[in-house]
Protein chains: 2
Amino acid sequence: MSRPSPYRAVKAHVLARIRSGEWPPGTLVPREEDLAETFGCARMTVHRALRELADEGVVERRRRAGTRVALPTTRTAPVEIPRVDREVEAMGASYRYLRLARATEPASPSAAARLGVPEGTEVLRVECLHHANDSPFQLEERWISLDVVPAAREESFADVAPNVWLLERLPWSDVEHVIGATNATRKVAGHLGIEPGEAVLEVERRTWLERRVITYVRFLHPGRFYRLRTAGRPG
Amino acid sequence: MSRPSPYRAVKAHVLARIRSGEWPPGTLVPREEDLAETFGCARMTVHRALRELADEGVVERRRRAGTRVALPTTRTAPVEIPRVDREVEAMGASYRYLRLARATEPASPSAAARLGVPEGTEVLRVECLHHANDSPFQLEERWISLDVVPAAREESFADVAPNVWLLERLPWSDVEHVIGATNATRKVAGHLGIEPGEAVLEVERRTWLERRVITYVRFLHPGRFYRLRTAGRPG
DNA sequence: GACGGTAATATGCCTAGGCTTATTTGGCAA
DNA sequence: TTGCCAAATAAGCCTAGGCATATTACCGTC
């Protein structure tokens, strides 16, 4: 599995029993002390192994009740939502950024709701297009809260993507993603070089710093080519 | 943040510095020993705090080089890909399962490729529909490898969803998800009760036990209502 | 100046002990 | 019975030490 190391050995041992079906869901895993004895190691070592398995959702632990094998419910899968430029370059394609629009404007009801600011607050709206090998790859529509990021007022975003600009400037504490599918409007289709009505993958992201929304973005990808990919293993 | 406890305190401390912008990306975090001294705790305690932060991608650690604040790249976000029945019930709706088709058949080239079996191998194909409050919610098309799950040959799947049946029967070691968007074909639209051409969210899942693919599924959701949701925080 | 070996250093991991705390079980009482 | 409380138990967390190992920085050599 990985290089040997007592705690890894314990993890691997327990995982192997579960994988083999020898310990079906609900089975009580031996107590930390017992495992420590059978492996000839300290209890803390076993503790770490079991704790990690619990973090990964493979087992469930409760004081006094012990450790039991969890039901293999299809748990959270780490979806990597990548930075466009990196992703494009990782595909071996050349990346190009194009700003379509930029304006400070009073927040519309929906934008205000998503940014968590009163309606009509002045916010910055940026629209841009990301290309891979000169064909449109992602259309981005973004709102930035000027209360949280006043410096954005001075930035044109003509050459640097808001994404990159923001990440370089300030940390964040929470993100939320919402993934859906919609049909391309005429405008969207025009930008992405597809037919109106074609399915597009829509990823919305809100980013917080402590309690305040920094920015809300909507990414649209031509559904025909683009896919989000995930590979997860429990352990 | 959470209930106090020395290692949590250290984590919170470091995280707070990063969040506040006091330690921008690249900053060298104090050595474990020094933090241990300033917090009046053992080095192992600091070690655990920093290790967890490293696991979460907040910092990067290298022997001899020390611990530094990582670039806040929009990392992996845990997307919960839920069990339909649970999800529907969580919305307070009533869940209904309907099997549309079931057949053992020789694997088509594409099915064979995804299951990792030779073309023409006999596989089980199941098609079903999941309802929320009697309106179609998810269309499922699934292939099951009979080599890995011979017991599936005896199961009609008339009353129990393949999902549930499989999870109750065998463990898995790896999953892969691919999320995309497509336009509903006439057939899909008919089943989901939408117009042909409407955007649908497509989630494909492959599940392995050790090296062998157990099953490959394709879930289709009406794009108009359905969304995948994610909330992540680094820490 | 380029190159290579060596020592210093920070993290990685371990041990063996201890106290703390949630939870369950069993027994006692109403 | 039912309800409540106490004891027992298993995990949670901590300490203070130690050895292992990756990596860098430095220094001497060519």
Rounded to whole Å, please give me the gap between [atom1] in [X] and [atom2] in [N].
{"X": "Glu52(B)", "N": "dG12(C)", "atom1": "CD", "atom2": "C1'", "value": "15 Å"}
{"X": "Arg48(A)", "N": "dT15(C)", "atom1": "CZ", "atom2": "C1'", "value": "14 Å"}
{"X": "Asp34(A)", "N": "dT9(D)", "atom1": "CG", "atom2": "P", "value": "13 Å"}
{"X": "Glu60(B)", "N": "dA10(C)", "atom1": "CD", "atom2": "C1'", "value": "16 Å"}
{"X": "Leu28(B)", "N": "dT11(C)", "atom1": "CG", "atom2": "C1'", "value": "12 Å"}
{"X": "Arg31(B)", "N": "dG12(C)", "atom1": "CZ", "atom2": "P", "value": "13 Å"}
{"X": "Leu50(A)", "N": "dA10(D)", "atom1": "CG", "atom2": "P", "value": "14 Å"}
{"X": "Glu33(B)", "N": "dT15(D)", "atom1": "CD", "atom2": "C1'", "value": "15 Å"}

Are any of [X]'s side-chain N or O atoms less than 4.0 Å away from OP1 or OP2 of [N]?
{"X": "His47(B)", "N": "dT11(C)", "result": "no"}
{"X": "Arg51(B)", "N": "dT11(C)", "result": "no"}
{"X": "Thr67(A)", "N": "dA10(D)", "result": "no"}
{"X": "Ser5(B)", "N": "dC14(D)", "result": "yes"}
{"X": "Arg8(A)", "N": "dC13(C)", "result": "yes"}

Relative to the 5' end of DNA chain C, which residue comes earlier, Ala42(A) or Val29(B), by the nucleotide with the nearest heavy atom? Val29(B)

Between Cys41(A) and Arg64(A), just flag the one whose closest nucleotide in DNA chain C comes earlier from the 5' side. Cys41(A)

Locate the shortest heavy-atom distance separating Glu210(B) from Ser173(B); write the atom from each residue and the value. N-OG, 2.6 Å

When every non-hydrogen atom of Cys128(B) is compared with those of Arg99(B), the smallest separation belongs to CB-CA, 3.9 Å

Closest nucleotide among dC13(C), dC13(D), dG12(D) to the Glu32(A) side chain: dG12(D)

Kindly say whether, by distance alone, the side chain of [X] makes a donor-acceptor pair under 3.5 Å with the base of [N]?
{"X": "Arg43(A)", "N": "dG12(D)", "result": "yes"}
{"X": "Arg63(B)", "N": "dT21(D)", "result": "yes"}
{"X": "Arg62(B)", "N": "dT23(D)", "result": "no"}

Side-chain heavy atoms of Arg17(A) within contact of His13(A), under 4.5 Å: yes

Phe157(A) ring centre to Arg102(A) NZ or CZ under 6.0 Å, with the angle to the axis within 45°? no

Evaluate the ring planes of Phe137(A) and Tyr226(A), with Trp represented by its six-membered ring, and classify them as parallel (under 30°), tilted (30 to 60°) or perpendicular (over 60°). perpendicular

